[in-house]
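Naming convention: chains lettered A, B, ... in sequence-line order (proteins, then strands); numbering from 1 in each chain.
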2 protein chains.
Amino acid sequence: MSSPLDVLAEPVRRRILDLLLERPRLVGELTDELGLTQPGTSKHLRVLREAGLVTVRRDAQRRWYELRPEPLSELDAWLAPYRRLWAGRLYALEDHLDAMPDEDGEPCPKESP
Amino acid sequence: MSSPLDVLAEPVRRRILDLLLERPRLVGELTDELGLTQPGTSKHLRVLREAGLVTVRRDAQRRWYELRPEPLSELDAWLAPYRRLWAGRLYALEDHLDAMPDEDGEPCPKESP
DNA sequence: CGGATATATAACCGCAATGGAATGTATGGG
DNA sequence: CCCATACATTCCATTGCGGTTATATATCCG
């Protein structure tokens, strides 16, 4: 019972979904593109399957994996109240720059310098 | 340099953001609501800070944590091409139910039975 | 039927991340 | 000046996850 967010934390799984966004793929194709071993790919696919993010179509020994985007709507729903914030209101950058503790780290990286 | 998705995989951190969605909070408040120890809370807050998802305002010994939703736009951007799919086209449910391998598992849980 | 192909599963390992206890640091109050 | 408060950091143990190797299962081909 893992949340889509949990499943998508893995970069590899995100790449799989991105690949399936174009068209259904065989496990072998995905394995090639990901540069993983076949069992590695299969395990990620299993996680995606159990999260309902992909479905399988059997074709002899082959398995066509295809995208099932529905569960992503949950993520979208979670995101909704936040989207309003960064879209609508202008963020007072200087305000919290001023209040920044004088640590040497970079607590708030800007996205594009 | 962790992606928002990576940071949000943690349920606790999602709850923190949800709490900060209402109003800024002190570490103590968050600790109470989360049922964690104070250092535990602080560590999650550190992760959120480094991801740019929260900012801190110092007030004597207290620290007011507030939400910074901007990095979530990256998640939103990743989500965009998928959103079109589950929103626009009707998903052929029977189609892949038909192609479902006869395993005992439940590869595709429906969201509301 | 026997081997090759395509994929899944199991067993195992290493690492990173999480959570708790103890400690460090800064600020305010008496 | 000393102690309490509020929070951060460090250290440590546990665990869960991702990756690989080896093995199992199913299907096609000759």
Side-chain angles (χ1 to χ4, degrees), chain A residues 1-17 19-20 24-51 53-66 99-108, chain B residues 1-16 19-20 24-51 53-66 99-107:
Chain A
M1 51 171 286
S2 39
S3 149
L5 268 166
D6 193 37
V7 172
L8 296 176
E10 260 295 319
V12 174
R13 288 196 281 264
R14 259 172 287 162
R15 285 198 55 205
I16 291 180
L17 290 193
L19 288 167
L20 294 182
R25 312 253 184 172
L26 296 173
V27 178
E29 297 181 56
L30 292 171
T31 299
D32 286 350
E33 306 240 28
L34 298 173
L36 283 188
T37 60
Q38 175 263 313
T41 305
S42 278
K43 281 209 291 187
H44 282 297
L45 287 171
R46 179 186 167 94
V47 174
L48 289 168
R49 242 185 307 149
E50 288 170 348
L53 283 163
V54 300
T55 55
V56 204
R57 185 183 309 267
R58 309 181 65 154
D59 169 25
Q61 326 114 343
R62 309 190 180 152
R63 308 285 162 99
W64 290 98
Y65 276 86
E66 41 192 302
M100 201 98 87
D102 47 337
E103 292 157 352
D104 51 359
E106 60 280 18
C108 315
Chain B
M1 50 169 292
S2 39
S3 148
L5 269 166
D6 193 37
V7 172
L8 296 177
E10 259 295 319
V12 174
R13 288 196 281 264
R14 259 174 286 162
R15 285 198 56 205
I16 291 180
L19 287 168
L20 294 182
R25 312 252 183 173
L26 296 173
V27 178
E29 298 181 56
L30 292 172
T31 300
D32 286 350
E33 306 240 27
L34 298 173
L36 283 188
T37 60
Q38 174 263 312
T41 305
S42 278
K43 283 206 286 190
H44 282 296
L45 287 171
R46 180 187 166 94
V47 174
L48 289 168
R49 243 186 306 151
E50 287 170 349
L53 283 163
V54 301
T55 55
V56 204
R57 186 183 308 268
R58 310 182 66 154
D59 168 26
Q61 324 114 343
R62 310 192 179 150
R63 309 282 163 100
W64 291 98
Y65 276 86
E66 41 192 303
M100 201 98 84
D102 47 336
E103 294 156 352
D104 51 358
E106 59 281 18

- Message: Counting only side-chain nitrogens and oxygens, does A:H44 get under 4.0 Å of the OP1 or OP2 atom of D:dG19?
- Response: yes
Taken to the nearest whole Å, CG/A:D59 to P/D:dT27 is 11 Å
Separation of D:dG18 atom C1' from A:R15 atom CZ, nearest Å, is 16 Å
Taken to the nearest whole Å, CG/B:L36 to C1'/C:dA21 is 14 Å
Point to revise | 4.5 Å side-chain heavy-atom contact, B:L34 and B:R15 | key: yes
A:Q38 CD to C:dA8 P, in whole Å, measures 7 Å
Think A:Y65 has a side-chain N or O under 4.0 angstrom from the OP1 or OP2 of C:dA6? no
Under the criterion side chain to side chain contact (heavy atoms under 4.5 Å, CB included), I'd like the reasoning laid out for A:H44 against A:I16: C-alpha separation, chi angles, the key distance, then a yes or no. CA-CA 9 Å; A:H44 282 297; A:I16 291 180; 3.9 Å; yes
Separation of C:dA8 atom P from A:R46 atom CZ, nearest Å, is 10 Å
Students often get this wrong, so: under 4.0 angstrom with heavy atoms, is B:L26 touching a base, only sugar-phosphate, or nothing?
sugar-phosphate
To the nearest angstrom, the CD-C1' distance between A:E10 and C:dA16 comes to 12 Å
- prompt: Can you tell me if the side-chain N/O atoms of A:T37 get under 4.0 Å from OP1 or OP2 in D:dG19?
  reply: no
Among C:dT27, D:dT21, C:dG19, the one nearest any side-chain atom of A:P39 is D:dT21
Separation of D:dG18 atom P from B:D6 atom CG, nearest Å, is 10 Å
Which of D:dG19, D:dC11, C:dT7 is nearest the side chain of A:R63? It is C:dT7
Side-chain contact check for B:R13: nearest option of D:dC7, C:dA22, C:dT18 is C:dT18
Original post:
Should the heavy atoms of other residues, nucleotides or ligands under 6.0 Å from CZ of B:R62 be counted, would the total exceed 12?
Top reply: no
Answer with base, sugar-phosphate or nothing: what part of the nucleic acid does B:G28 contact at a heavy-atom distance below 4.0 Å? sugar-phosphate
B:R46 meets the salt bridge (charged side-chain N to carboxylate O under 4.0 Å, His left out) criterion, sequence neighbours left out, with B:E50
Atom CG of A:L34 and atom C1' of D:dT20 are separated, to the nearest Å, by 15 Å
Between A:R58 and D:dA26, is there a side-chain N or O to OP1/OP2 distance below 4.0 Å? no
Closest of D:dG19, D:dA26, D:dC7 to the A:Q61 side chain is D:dA26
Contacts of B:G40 and A:K43 projected onto DNA chain D by closest heavy atom; the upstream (5') one is B:G40
Taking NZ, NE, NH1 and NH2 as the nitrogens, is one of them in B:R25 or B:E33 under 4.0 Å from a carboxylate oxygen of the other?
yes
